[in-house]
There are 2 protein chains.
Amino acid sequence: MAKTTKEQSGSDSRAIAIELSAALVAVHDEAPKILLVRDQGGDSATHSQFGLPCGPFDPVAHRTLEEGLRTWVGEQSGIQLGYAEQLYTFGDRFRDPQERKGGPRPVSVGYLALVRQTDLRSPENADWSDWYRHFPWEDWRSGPPAIVSQVIGSELKAWADAPDNRADRARRRERIDTTFGLGDMAWDNERVLERYELLYEAGLIAETVTDGRERANPGLVQAHTLTGAVLIKDHRRIMATAMGRLRAKIKYRPVIFELMPPNFTLYQLQRAAEALAGARLHKQNFRRLVANEGLVEATGQISSQTGGRPAELFRFRRDVVRERPASGVRLSVRVKPKK
Amino acid sequence: MAKTTKEQSGSDSRAIAIELSAALVAVHDEAPKILLVRDQGGDSATHSQFGLPCGPFDPVAHRTLEEGLRTWVGEQSGIQLGYAEQLYTFGDRFRDPQERKGGPRPVSVGYLALVRQTDLRSPENADWSDWYRHFPWEDWRSGPPAIVSQVIGSELKAWADAPDNRADRARRRERIDTTFGLGDMAWDNERVLERYELLYEAGLIAETVTDGRERANPGLVQAHTLTGAVLIKDHRRIMATAMGRLRAKIKYRPVIFELMPPNFTLYQLQRAAEALAGARLHKQNFRRLVANEGLVEATGQISSQTGGRPAELFRFRRDVVRERPASGVRLSVRVKPKK
DNA sequence: CCGCTTATGCTCAAAATAAGTATAACTGGC
DNA sequence: GCCAGTTATACTTATTTTGAGCATAAGCGG
């Protein structure tokens, strides 16, 4: 063959490799889950063995990018994807440490996919991991997470005070306030990626180190273990993108039903919404909203698994997609815990 | 070199070429504009010579995808991009007719970029073209466009009636109603891509033919000239994606100011919003909205170019990005023309 | 000064939202 | 069987946001 070993191993600096990667999201036991697969050999740089299901795009076998993605996910997890949407294409230099060793430039097309509770098996070499294990600062369901006030807050302040230039310090402080909802700013649950990137720049998560960036604050070695479980390569960034997109999307499209079983109580639905949003919702208003939008219809069946008064089971009204294309679960996020 | 001619010319069926393409949008004279560049040689399949500025991604020269895009746009149009965001990555087989002749699989990362009126020069080999020349059915500023009622409506009906299967016919009718806002459905100005794709499938636009798909209705040869000006390859699809995204985004992020000069009257701002949205807005409510959101501040200057009472000039308040990160020009689209 | 145009301030009703109160219907413990 | 605890569901109330329009202000050309 004309192909040289050099090219096959991808050490041609002009080489590009397109990878397809998927953030598979499900909700189980009131917790949002993401599917991780064990990487063969692991990524010595991040000390992580887990990453998102992914594989190279094959222009011969794959008619579309999405088809390729479905194939890889099926192969690696045994799951036949339902809902999937393209998220973002990641192409920054050195996304993958392998590139420094002469590997090809890795360009990754990331997808968000939603998996129904009922399709939730744990396949070989794959596991459903709690979202918030990787982003502990994103879960505000029982008030401001401890990690924000205890670790992130003070360490970010140190980072903000580091520059010699007064204006730079002000800019950093401002950015911290907006992304983390400090001062008189409100916490915006959609800014997942911005928060991740801020922590990255501030050197508060493990990826900063493994990517060979200068650490802002050298005293933080174990802080990494506090700031969430790491994935290989930049997969945690992809995950942050997926999370932000999903939190935004459930507000204006009825995608949350892609995660629910066929029949559910309104409270189960609310729990799922809360799990994704990372915040509590007002129960009565939530059900009024869902009802008024015509998103669900009663089945007549009753569930007595609730622990209190039995609840009626509902199902998603597929018609709404037709009737009111732009409906979703607009949630008024309440950040303060119930007293 | 180990590279074979075969590989260099890209006729290896496993080859992939990443292209970066940009939809540069501006507003001028109350019309939305998009920058088109002349393609060397033209695209014989579509009989179009124009397309979006684009170029191959170079993993050596380009540190990020966006950087590569900025380089190409600068080279082809002389414009230094300001605001730019990634849109979507297009990778379907045969996006580019060249692929049938053994060319590499073209994967294109599309961007939406906003250009300020003041930066609006017409560069060599490039031209600002009216959006609605390519999507005549999208402009509802003076009521339902003639093309929808006269051509598209009836032709789509024919397409819907074509299948033998009753259920298929119903599905098609339903889809037409939702995407084009017929029946009791409302016109949703964001569904630009869905409308484009429906017309594509129905064989009502030139791309259907050039892509080698079966034509649903062979009597439509000149209808193509009615259904908007074509671009090379799938660039009109990228443009539809950009348009839809922009229409959605101005409602919740203050991106519209990326298109405005530093100082403007509120009516100029409204005109720009209307040009993008393709619909008229209620004037008093628009200014109340903009004022209440704190998006603008008065400059004290007065413009007497208005043709009536002089208007005060305003400027964008950059602070809002900090204070209210999620604000935009929420526009209640009024589709019916003023009587 | 008149008729035309656009700017701007203000009102008013309808709808949507946020935050409750009140009551209903189940469970388990005794 | 009754009570405390738990969840479900109906309804109320105040506030805010929207959609639509009236009225007046301030320029222009004649």
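Below, read A as the first sequence line, B as the second, and so on, with proteins coming before strands; counting in each chain starts at 1.
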Residues which pass side chain to side chain donor-acceptor pair (under 3.5 Å) with B/Glu85, listed by chain and number, not counting sequence neighbours:
B/Tyr83, B/Arg245, B/Lys249

Could you state the CG-P distance from A/Leu281 to C/dA19, rounded to the nearest angstrom?
11 Å

Atom CZ of A/Phe264 to atom P of D/dA8: distance rounded to whole Å?
14 Å

For A/Tyr111, all residues meeting ring pair (Phe, Tyr, Trp, His ring centres under 6.0 Å), sequence neighbours excluded
none

For A/Tyr88, all residues meeting ring pair (Phe, Tyr, Trp, His ring centres under 6.0 Å), sequence neighbours excluded
A/Phe90

Rounded to the nearest Å, what distance is computed from the CG atom of residue B/Leu313 to the C1' atom of nucleotide C/dT6?
14 Å

Sequence neighbours excluded, which residues qualify as ring pair (Phe, Tyr, Trp, His ring centres under 6.0 Å) partners of B/Phe264?
B/Phe257

With sequence neighbours excluded, what pairs up with A/Arg309 under the side chain to side chain contact (heavy atoms under 4.5 Å, CB included) test?
none

Take atom CG of A/Asn292 and atom C1' of C/dA15, then tell me their distance rounded to the nearest Å.
11 Å

Any non-hydrogen side-chain atom of A/Met260 less than 4.5 Å from a side-chain atom of A/Phe316?
no

Tell me every residue that passes side chain to side chain donor-acceptor pair (under 3.5 Å) with A/Ser129, counting only those two or more places apart in sequence or in another chain.
A/Arg133, A/His134

Considering only nitrogen or oxygen atoms on both sides, find all protein atoms under 3.5 Å from nucleotides 28-30 of chain D and state each distance.
none

Rounded to the nearest angstrom, tell me the gap between atom CD in B/Gln270 and atom P in C/dT6.
12 Å

Can you measure B/Leu269 atom CG to C/dT8 atom P for me and round it to whole angstrom units?
12 Å

Restricting to side chain to side chain contact (heavy atoms under 4.5 Å, CB included), what partner residues turn up for B/Leu182, sequence neighbours left out?
B/Ile176, B/Asp177, B/Phe180

Please state how far atom CD in B/Gln268 lies from atom C1' in C/dT6, giving the value in whole angstrom units.
12 Å

Every protein N/O lying under 3.5 Å from an N/O of nucleotides 9-13 of chain D:
{"from": "D/dT9", "atom 1": "OP1", "to": "A/Glu312", "atom 2": "N", "distance (Å)": "3.0"}
{"from": "D/dT9", "atom 1": "OP2", "to": "A/Arg287", "atom 2": "NH2", "distance (Å)": "2.4"}

Spacing of B/Gln301 atom CD relative to D/dG27 atom C1', expressed in whole Å
18 Å

Between A/Trp128 and A/Val115, is any pair of side-chain heavy atoms under 4.5 Å apart?
yes

